[in-house]
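A quick write-up on the structure given underneath.
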2 protein chains.
Amino acid sequence: MNDTIDVRWAVAKDMPRVLELITELAVYEKEEDQVENTVAQLVEDGFGPNPTFECIVAEKEGQVIGFAIFYTSYSTWKGNCLYLEDLLVTEQYRRFGVGKLLFDFVLNLAKSRGAKRMEWQVLDWNEPAINFYKKYNADLDPTWINGKLFL
Amino acid sequence: MNDTIDVRWAVAKDMPRVLELITELAVYEKEEDQVENTVAQLVEDGFGPNPTFECIVAEKEGQVIGFAIFYTSYSTWKGNCLYLEDLLVTEQYRRFGVGKLLFDFVLNLAKSRGAKRMEWQVLDWNEPAINFYKKYNADLDPTWINGKLFL
């Protein structure tokens with residue numbers, strides 16, 4: 001199926017569909033009520049004068065079936081890194097390698113930019129994702145607790 | 001002691017001292033061999049044409065005794081966030097509230113910029129830090145495993 005999938009940079013008019021996919025991922029993560037983002041805010045944050053994220057999409061016959069959102073992060077130990085915030089393939093198109101297309105696009109971009117590492121988070125019960133990342137020999141470290149203050 | 005401490009934005013010529021403090025924190029975290037950053041790279045990454053982090057320092061009588069490094073991150077659920085990458089007060093000046101001065105500076109900055117949340121990580125055995133964050137009613141969530149690929 002992969003040969004019919006295009007991975008391309010998202011544009012502002014993809015954001016309504018991307019917000020649907022963000023919400024699909026939040027539902028999968030049992031956190032649907034956490035999604036407060038809007039199409040207008042995504043357009044401003046990703047395509048306004050000071051973009052704070054980058055977005056790619058996977059497209060099949062003109063329909064966006066997956067996406068990844070990422071940004072440049074910083075490690076005081078290493079230097080510039082790439083943080084993969086979200087990656088999702090909509091349910092009916094899973095298990096065909098679309099996620100790998102998206103992940104590899106981001107990974108190759110990180111390498112080409114000279115990023116020192118690529119980072120992300122995964123829920124400890126999300127076995128399909130954990131098994132996917134293990135194929136890359138990723139370091140999966142449960143020692144660091146995440147702290148957050150909502151402002 | 002706080003009234004003799006200034007918190008100010010770092011400049012490029014603070015980076016040799018900041019790298020010492022980054023290393024002091026890595027030693028505390030038992031990860032000293034992970035520090036590959038250099039003064040030249042910190043100057044480029046923080047003060048070059050495309051800065052990827054911001055840095056503040058705590059100063060006492062002209063000596064830098066603490067620092068914080070942070071950057072703008074993105075939550076697909078919330079929008080723009082502020083990620084606190086490192087915060088350290090050098091050992092002899094701990095327990096005088098200098099860490100709180102630095103943390104509050106970053107927190108107020110995040111609020112003033114309209115960030116949706118402030119985020120950081122803490123090692124699960126770092127009780128003094130965890131107790132400090134609990135005073136802010138911070139959400140400390142061990143459910144998300146951190147993934148990393150070194151490039």
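Note that these values count all heavy atoms, side chains included, but never hydrogens, waters or copies made by symmetry.
Within a 6.0 Å sphere centred on CD of A:E31, heavy atoms belonging to other residues, nucleotides or ligands number more than 12. Within 6.0 Å of the CZ atom in B:R95, the count of heavy atoms belonging to other residues, nucleotides or ligands does not exceed 12.
The only option from A:K78, A:E119, A:M118 that meets the side chain to side chain contact (heavy atoms under 4.5 Å, CB included) definition with B:K148 turns out to be A:E119.
No continuous path of ILVMFWY side-chain contacts below 4.5 Å connects A:L25 to A:Y93, so the two sit in separate hydrophobic clusters. A chain of hydrophobic side-chain contacts below 4.5 Å, direct or via other Ile, Leu, Val, Met, Phe, Trp or Tyr residues, connects A:F103 to A:I65. Residues B:F70 and B:W120 share a hydrophobic cluster, clusters being chains of Ile/Leu/Val/Met/Phe/Trp/Tyr side chains in contact below 4.5 Å. B:L88 and B:L109 fall into different hydrophobic clusters, where Ile, Leu, Val, Met, Phe, Trp and Tyr side chains are chained together by heavy-atom contacts under 4.5 Å. B:L21 and B:V98 are not part of a single hydrophobic cluster, where members link through side-chain heavy atoms under 4.5 Å apart.
Taking OH from B:Y74 and CD from A:E85, the interatomic distance works out to 9.0 Å, rounded to the nearest 0.5 Å. Taking CG of A:L151 as the start and CG of B:N80 as the end, the distance is 11.5 Å to the nearest 0.5 Å. Between the CG atom of A:L149 and the SG atom of B:C81 there is a distance of 11.5 Å, given to the nearest 0.5 Å. Considering OG1 of B:T76 and CG of A:L87, their distance stands at 11.0 Å, rounded to 0.5 Å.
For the pair A:N146 and B:Q121, the tightest heavy-atom approach, listed with the atom from each and the gap, is OD1-NE2, 3.5 Å.
Looking at B:E29, the atoms closer than 4.5 Å to chain A (heavy atoms on both sides) all sit in the side chain, from C-beta outward. Residue B:L84: no heavy atom, backbone or side chain, is found under 4.5 Å from chain A. In this structure, chain A has heavy atoms under 4.5 Å from both the backbone and the side chain of B:S75. Using a 4.5 Å cut-off between heavy atoms, A:Y83 does not touch chain B at all.
Contact tally against chain B (heavy-atom pairs below 4.5 Å) for A:D86, A:I69, A:T23: the top residue is A:D86. Contact tally against chain B (heavy-atom pairs below 4.5 Å) for A:V35, A:L82, A:D124: the top residue is A:D124. Looking only at heavy-atom pairs under 4.5 Å with chain A, the residue among B:T52, B:V122, B:N126 that has the most is B:V122.
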Exercise. Going through the checks in order, is the side chain to side chain contact (heavy atoms under 4.5 Å, CB included) test met by B:S73 and A:Y71?
Worked result: CA-CA 7 Å; B:S73 59; A:Y71 55 84; 3.2 Å; yes
For this session: Quick one: do B:E32 and A:W77 satisfy side chain to side chain contact (heavy atoms under 4.5 Å, CB included)? Show the steps, please.
Result: CA-CA 9 Å; B:E32 183 178 4; A:W77 297 351; over 6 Å; no
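Between the side chain of A:K116 and the backbone N or O of B:E36, no donor-acceptor pair lies under 3.5 Å.
Taking non-hydrogen atoms and a 4.5 Å limit, the residue list of residues 127-143 of chain B in contact with chain A, ordered by number, reads B:I130, B:Y136, B:N137, B:A138, B:D139, B:L140, B:D141, B:P142, B:T143.
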